[in-house]
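Some notes on the structure that comes next.
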Amino acid sequence: MAVLPRFLAWAAVGVLFMVGCIAPVGFLIWLPAAVLAGLLVTLKVRSPRYFFAFVGGLGVTLMTLGLINGTYVLMLLFGSVLVAGGIVFFAAFGPRTSHADPP
């Protein structure tokens with residue numbers, strides 16, 4: 001499985017998780033987030049670096065909230081910081097290019 005689909009899958013878990021926190025029927029949205037996260041862990045897509053993709057998904061949801069409801073326009077800023085941070089930290093701590101043994 002390539003890196004981009006894994007990143008997007010964990011970002012989708014973050015989106016579903018945050019929608020579960022925001023939406024009035026949030027307890028129903030937690031179920032797909034938990035199932036998708038469980039599936040990803042079962043498929044061994046469980047590196048700690050995918051936490052940053054999860055955070056990026058949280059940021060996308062907050063930015064969408066800020067766009068939909070003008071009362072929460074500050075969420076655009078916070079969401080953009082989360083998205084940028086998630087992408088930058090994933091790139092910094094992302095897939096290794098070498099699995100060489102230490103000396």
Side-chain angles (χ1 to χ4, degrees):
M1 189 175 205
V3 175
L4 182 62
R6 291 177 180 188
F7 184 90
L8 293 176
W10 276 107
V13 172
V15 167
L16 290 172
F17 176 79
M18 186 53 83
V19 169
C21 292
I22 295 171
V25 291
F27 67 97
L28 296 176
I29 307 297
W30 288 74
L31 297 174
V35 168
L36 183 57
L39 178 67
L40 290 172
V41 168
T42 302
L43 293 174
K44 301 199 186 307
V45 184
R46 56 184 179 191
S47 173
R49 68 180 174 244
Y50 290 112
F51 172 74
F52 301 119
F54 177 79
V55 169
L58 298 178
V60 167
T61 307
L62 291 176
M63 288 174 62
T64 305
L65 173 67
L67 288 172
I68 291 173
N69 191 344
T71 306
Y72 300 109
V73 73
L74 190 61
M75 290 300 158
L76 284 169
L77 175 64
F78 185 57
S80 65
V81 168
L82 287 178
V83 169
I87 292 170
V88 167
F89 279 99
F90 183 82
F93 299 110
R96 296 185 181 156
T97 56
S98 172
H99 295 286
D101 292 328

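The structure displayed is predicted, hence computed values, not measured ones.
I29 and P32 get closest at one heavy-atom pair: O-CD, 3.1 Å. Between L58 and G14, the closest heavy-atom pair is CD2-O, 3.3 Å. When every heavy atom of V60 is checked against every heavy atom of V83, the shortest pair comes out as N-CG2, 3.5 Å. Nearest heavy atom pair, residue L36 against residue A12, reads CD2-CB, 4.0 Å. Residues L76 and M63 share a closest heavy-atom pair of CD2-O, 3.3 Å.
At a threshold of 4.5 Å between side-chain heavy atoms, the hydrophobic network of Ile, Leu, Val, Met, Phe, Trp and Tyr places V41 and F51 in one connected group. If you chain together hydrophobic residues whose side chains sit under 4.5 Å apart, V15 and V81 never meet in one group. L39 is not connected to L31 by any chain of hydrophobic side-chain contacts under 4.5 Å among Ile, Leu, Val, Met, Phe, Trp and Tyr, and they are in different clusters. Hydrophobic clustering (side-chain heavy atoms under 4.5 Å, transitive across Ile, Leu, Val, Met, Phe, Trp, Tyr) groups I87 together with F93.
Between W30 and F17, the ring-plane angle classifies as perpendicular under the 30° and 60° cut-offs.
A donor-acceptor contact shorter than 3.5 Å links the side chain of W10 to the backbone of V45.
Checked against F89 for a ring pair (Phe, Tyr, Trp, His ring centres under 6.0 Å), the options Y50, F7, F52 give a single hit: F52.
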Worksheet entry | Y72 vs L62, side-chain contact (heavy atoms from CB on, under 4.5 Å): CA-CA, chis, key distance, verdict | CA-CA 9 Å; Y72 300 109; L62 291 176; over 6 Å; no

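Side-chain contact between F90 and V55: absent, with no pair of heavy atoms (C-beta onward) separated by less than 4.5 Å.
Atom CG of L77 sits about 9.5 Å away from atom CG of L82, to the nearest 0.5 Å.
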